[in-house]
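Written below as structure tokens is the structure these notes are about.
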Amino acid sequence: MSKQHSLRVLLVDDHLATLRGLFIWLTGKGYEVFPFGTMHEALQFAKDAPFDVLISDIGLPDGDGWDLVKRLRAENRFYAIAISGLTGAREKGKSLDAGFSQHLAKPFDPEALHASLQLIAEANRFA
């Protein structure tokens, strides 16, 4: 991924190993990643920093990803991907209703996530 196509990714997950692993993997793929473990931290960051994509766990210690995406959408335009161990049709539907474009069940194939991000980058290139 070239510099001009690099996406700014807001990554939110309270599971430290998942957060760290995705951060390392995504930065290795050329994305600019901003990792946070709580909804509050992500909201604080988003006040002053633009981002292109939110990748968020649903279960957070100070709220949930559904509320986070709704609150962020009030002031930002971005693509959103939910990652969660909650895998039922109800939860996936709730993610789409909240404003996520995708709901990936943990554990997920990181290459599928990368493919989604590449499509977003390509679409943003012409936006």
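Computed from a predicted structure; not experimentally measured.
- Using a 4.5 Å heavy-atom threshold, the side chains of Leu19 and Leu11 count as touching.
- Within the 4.5 Å cutoff, no side-chain heavy atoms of Asp64 are placed close to those of Asp57.
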Output, in order, the C-alpha distance, side-chain angles, deciding distance and verdict of side chain to side chain contact (heavy atoms under 4.5 Å, CB included) for Ile55 and Val12.
CA-CA 6 Å; Ile55 299 173; Val12 187; over 6 Å; no
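- Atom CG of Asn76 sits about 12.0 Å away from atom NZ of Lys47, to the nearest 0.5 Å.
- Between Trp66 and the choices Ser95, Ser56, Ser84, the side-chain hydrogen bond (donor to acceptor under 3.5 Å, both in side chains) rule is met once, by Ser95.
- Atom-to-atom distance recorded for Lys29:NZ and Ile24:CD1 is 14.5 Å, nearest 0.5 angstrom.
- Under the 30°/60° scheme for interplanar angles, the aromatic rings of Phe78 and Phe51 are found to be tilted.
- Closest approach of Gly30 and Ser6 over heavy atoms only: O-OG, 2.9 Å.
- Annotation: side chain of Phe34 is not in contact with side chain of Val9 (no heavy-atom distance under 4.5 Å).
- Closest heavy-atom contact between Pro61 and Gly37: CD-O, 3.6 Å.
- Interatomic distance, CD1 of Ile81 versus OG of Ser116, reported as 5.0 Å (0.5 Å rounding).
- A donor-acceptor pair under 3.5 Å is absent between the side-chain atoms of Arg71 and the main chain of Leu43, judged by distance alone.
- For Arg8 (side chain) and Val53 (main-chain N/O), no donor-acceptor pair under 3.5 Å exists by modelled atom type.
- For Arg20, the CZ atom sits in a loose shell: 12 or fewer heavy atoms of surrounding residues, nucleotides or ligands are nearer than 6.0 Å.
- Contact detail for Phe23 and Pro35: the closest heavy-atom pair is CD1-CG, 3.7 Å.
- Between Leu113 and Leu22, the closest side-chain pair of non-hydrogen atoms falls below 4.5 Å.
- Across all non-hydrogen atoms, the minimal contact from Lys70 to Ala98 is CG-O, 3.6 Å.
- For the atom pair Leu10 CG and Leu54 CG, the distance stands at 5.0 Å (nearest 0.5 Å).
- The aromatic rings of Phe36 and Phe45 lie tilted to each other, with the angle between the two planes from 30° to 60°.
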Working note: Thr38 + Asp14, criterion side chain to side chain contact (heavy atoms under 4.5 Å, CB included); need CA distance, chi angles, decisive distance, verdict.
CA-CA 6 Å; Thr38 69; Asp14 65 322; over 6 Å; no
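- Enclosure of atom CD in Glu111 by more than 12 non-hydrogen atoms of other residues, nucleotides or ligands within 6.0 angstrom is indicated.
- In terms of modelled atom types and a separation under 3.5 Å, the side chain of Glu122 and the main chain of Leu119 share no donor-acceptor contact.
- Remark: Arg77 CZ to Leu72 CG distance equals 14.5 Å, nearest 0.5 Å.
- Two different hydrophobic clusters hold Ile58 and Leu96 under the rule that ILVMFWY side chains link at heavy-atom gaps under 4.5 Å.
- We find the CD1-CD distance between Ile83 and Gln102 to be 11.5 Å, quoted to the nearest 0.5 Å.
- Within the 4.5 Å cutoff, side-chain heavy atoms of Met39 are placed close to those of Asp67.
- A salt bridge between Asp13 and Lys106 is present, with a side-chain N of the basic residue lying under 4.0 Å from a carboxylate O of the acidic one.
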